[in-house]
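Written below as structure tokens is the structure these notes are about.
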Amino acid sequence: MLRMSNLFVKTLRDDPADAEVASHRLLVRAGYIRRAAPGGFSWLPLGWEVYRNVENMVRDEMNKAGFQEVHFPALLPREPYETTGRWTEYGDNLFRLQDRKGADFLLAPTHEEMFTLMVKDIAASYKDLPVSLYQIQTKYRDEARPRAGLLRTREFVMKDSYSFDLTDAGLDESYAAHRQSYIDLFDRMGLPYVIVSAMSGAMGGSKSEEFLSPMDVGEDTYIRCTNCDYAANVEAVTTPVPDDVPLDGLPEAIVHDTPGTPTIETLVDFINADASLRLPDRDWSAADTLKNLVVTLKHPDGTVEPLAIGIPGDRDVDMKRLEAVVAPAEAEPFTEADFAKYPSLAKGYIGPGVLGEQNATGIRYLVDPRIVTGTAWVTGADAHGRHVIGLTAGRDFTPDGVIEAAEILPGDTCPACGSDVEIARGIEIGHIFQLGRKYAEALDLWVQGEDGKPATPTMGSYGVGVTRCLAAIAEATSDDIGLCWPREISPADVHLVMAGKEGGPQREAAEKIAAELEARGLRVLFDDRVKVSPGVRFKDAELIGIPTIAVAGRGVADDEPTMEVKDRRTGDREDVPLDQVVDHLVAVTKRV
RNA sequence: CGGGGUGUAGCGCAGCUUGGUAGCGCGCCACGUUCGGGACGUGGAGGCCGGGAGUUCAAAUCUCCCCACCCCGACCA
């Protein structure tokens, strides 16, 4: 039994000045955690209790799914990460350090290499596979900017699993098993979430999904449909392709002087102001223009390559989407020096006329999927102060291909059902993806196959942020006055408040009930303090957020003694006869 | 890494413009009163004013440098 009279906790009346988001504010105020380092937190007794409950829930669901728990050091030697290239590729986010002899070590940000090596060490035959292993381990990442309390830290606990299969079909099964176990887990946590398609990016996998818990303080932007259940990470959204427009009868493209119109805005204003250019039924808009811009792609092998992108002028290029598409290459905007190498590029007036592998610059030219055959555009005429109106795709120019790089805007068309999409924020609580054979090949993992020949396993990787989930749960369930834990995660089943003055019958009744509850297997937090006023005890109970609050107060002194039982979430309270209150509480708090 | 803000008692803050004995609320200690919604009285303890250098008779206050934290952006399995 936890007694408030000696529990190592101090609740705060005021919000800590350095906490912004609700979970951070309340976890500190209620005495669960304290900041100990930039991006690092210490856990007080209540916090550690809650942490263990979350961790055990994760463990339980993994075990249920048949995955086996192992454990690795967090402090690892450089070599395996050197072999896979991640010692350098991981960049500034990797904590690197040296031992007394000057040998390089790292604090692991994730453990693909070690799992792969463990399987290499143990598994020799196809009979040893498939297998799914996981660990719950502290991870380290030298985040540029830790923020939002436990939501983004430099030291955090992650459950990471890895599956090893010999066939792609087997990987699909392992992936599906993990996906289902995550669904079970997050349902059990009571955490709202969406599953969005994600890009596996440079990891080279074929399939990837993120579990996002929708909340305003989340850092991930995703797209969801206002009508159907489509949801996708912004990088993974596909643009519906319109039908081609017949070319017959479309007006000729006309080159027009448009002095002083280097931007889309100035261009639209200019052509709207010229009566001879007016459209018969409406004003020109930015969506009628075709904006062309050039970037430099930097490939991992050090080579660079220019790439031209054409998108409707009412949109910007979304660098995240672009980089997801061109990964593992990185994209950077064209510099003045780059422009100098291509004199035919008229900055601000670049048009399809000089772009493409068949044209003057020879720069590969990819366009937005909306730019289909028969669509006509106002676009640069490749000379300063000149644009061309009615330049028609498939007739006047032919791009080298399409690219998904334009930003997504609210109201865009859902690729699944055709309704409008909206943009939402969420926090990533889980990520599953198919890794393939990258790590197995790099670290020379193979087993003897059924046919006697060596076979390279294919891997899946599956992560859950344990400490982040705790924060997300606090975020999602708390209210203005405090935390409000789901029953299974709560540090106790019942918060028993002793009211009434010391020396009254309340002390005896509360002690008795507390002992009986404990005997019935309930976890009790008993506020037996006499030094603080009842108001403080009630406020603390609400702040600490145990889902059921029982009060031994004035009702205890009645002819037919009662205790009050209150639901923290709804605020509903009822008076229960003292001799029934234990049964009542056992019933209310029964785990479902 | 860029922009903005903030560093003063355990926590939340004032004082800084205009240099001159470091303050308030909460919390903490002691005693008494109170006891169902963050009670009250009386008396206490607690500070290298983020760090360093400078200006000055004198610096929390003015100048310069550094550090830390928060927010926005960049970055981010």
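Throughout, a chain's letter reflects where its sequence line sits, starting with A, and its residues are numbered from 1. If you're wondering where the values come from, they're calculated on a predicted model, not measured in any experiment.
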Measure from [atom1] on [X] to [atom2] on [N] and round the result to the nearest Å.
{"X": "A/Gln135", "N": "B/rA77", "atom1": "CD", "atom2": "C1'", "result": "13 Å"}
{"X": "A/His24", "N": "B/rC71", "atom1": "NE2", "atom2": "P", "result": "9 Å"}
{"X": "A/Lys438", "N": "B/rA77", "atom1": "NZ", "atom2": "P", "result": "12 Å"}
{"X": "A/Asp318", "N": "B/rC75", "atom1": "CG", "atom2": "P", "result": "10 Å"}
{"X": "A/Ile427", "N": "B/rA77", "atom1": "CD1", "atom2": "P", "result": "14 Å"}
{"X": "A/Asp15", "N": "B/rC70", "atom1": "CG", "atom2": "P", "result": "15 Å"}

Sort out the partner of [N] for me: Watson-Crick or G-U wobble, both distances under 3.5 Å, none otherwise.
{"N": "B/rA74", "answer": "none"}
{"N": "B/rG20", "answer": "B/rC57"}
{"N": "B/rC64", "answer": "B/rG52"}
{"N": "B/rG43", "answer": "B/rC29"}
{"N": "B/rU34", "answer": "none"}

Would you call A/Asp540-A/Arg29 a salt bridge at under 4.0 Å N-O?
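No, A/Asp540 and A/Arg29 are not salt-bridged.
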Look at the side chain of [X] and decide which nucleotide, out of [options], has an atom nearest to it.
{"X": "A/Glu143", "options": "B/rC76, B/rG36, B/rC71", "result": "B/rC76"}
{"X": "A/Glu20", "options": "B/rA77, B/rC70, B/rC76", "result": "B/rC70"}
{"X": "A/Asp14", "options": "B/rG12, B/rC70, B/rG37", "result": "B/rG12"}
{"X": "A/Lys10", "options": "B/rG27, B/rG37, B/rC35", "result": "B/rG27"}
{"X": "A/Ala499", "options": "B/rC35, B/rG36, B/rA77", "result": "B/rG36"}
{"X": "A/Ala17", "options": "B/rC70, B/rG12, B/rA77", "result": "B/rG12"}
{"X": "A/Asn93", "options": "B/rA77, B/rC76, B/rC70", "result": "B/rC76"}
{"X": "A/Lys501", "options": "B/rC35, B/rG36, B/rG37", "result": "B/rC35"}

Name the pairs: protein N/O against N/O of nucleotides 65-69 of chain B, kept only if under 3.5 Å.
none

With sequence neighbours left out, write down each residue that passes side chain to side chain contact (heavy atoms under 4.5 Å, CB included) with A/Ala74, or none if nothing qualifies.
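Testing A/Ala74 for side chain to side chain contact (heavy atoms under 4.5 Å, CB included), a comparison that skips the adjacent residues, returns A/Gln137, A/Tyr140.
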Please enumerate all residues that pass side chain to side chain contact (heavy atoms under 4.5 Å, CB included) together with A/Ala499, with sequence neighbours excluded.
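For A/Ala499 the side chain to side chain contact (heavy atoms under 4.5 Å, CB included) partners, ignoring immediate neighbours, are A/Phe538, A/Val551.
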Report, one pair per line, the protein and nucleotides 39-43 of chain B atoms (nitrogen or oxygen only) whose separation is under 3.5 Å.
from, atom 1, to, atom 2, distance (Å)
B/rA39, OP2, A/Ser533, OG, 2.7

Between A/Arg96 and A/Trp87, is NZ or CZ placed under 6.0 angstrom from the six-membered ring centre and within 45° of the ring axis?
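Satisfied, under 6.0 Å and within 45°.
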With hydrogens left out and only the distance checked, is there a donor-acceptor pair under 3.5 Å joining A/Arg573's side chain and the base of B/rG37?
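Checked by distance alone, the answer is yes.
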Is a donor-acceptor pair below 3.5 Å formed from side chain A/Arg147 to base B/rC70, judging by atom type as modelled?
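Checked by distance alone, the answer is no.
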Only counting residues at least two apart or in another chain, list the ones meeting salt bridge (charged side-chain N to carboxylate O under 4.0 Å, His left out) with A/Arg568.
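Once residues adjacent in sequence are excluded, the partners of A/Arg568 under the salt bridge (charged side-chain N to carboxylate O under 4.0 Å, His left out) criterion are A/Asp479.
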Pairing residues for A/Glu61 by the salt bridge (charged side-chain N to carboxylate O under 4.0 Å, His left out) criterion, not counting sequence neighbours
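Testing A/Glu61 for salt bridge (charged side-chain N to carboxylate O under 4.0 Å, His left out), a comparison that skips the adjacent residues, returns A/Lys64, A/Arg188.
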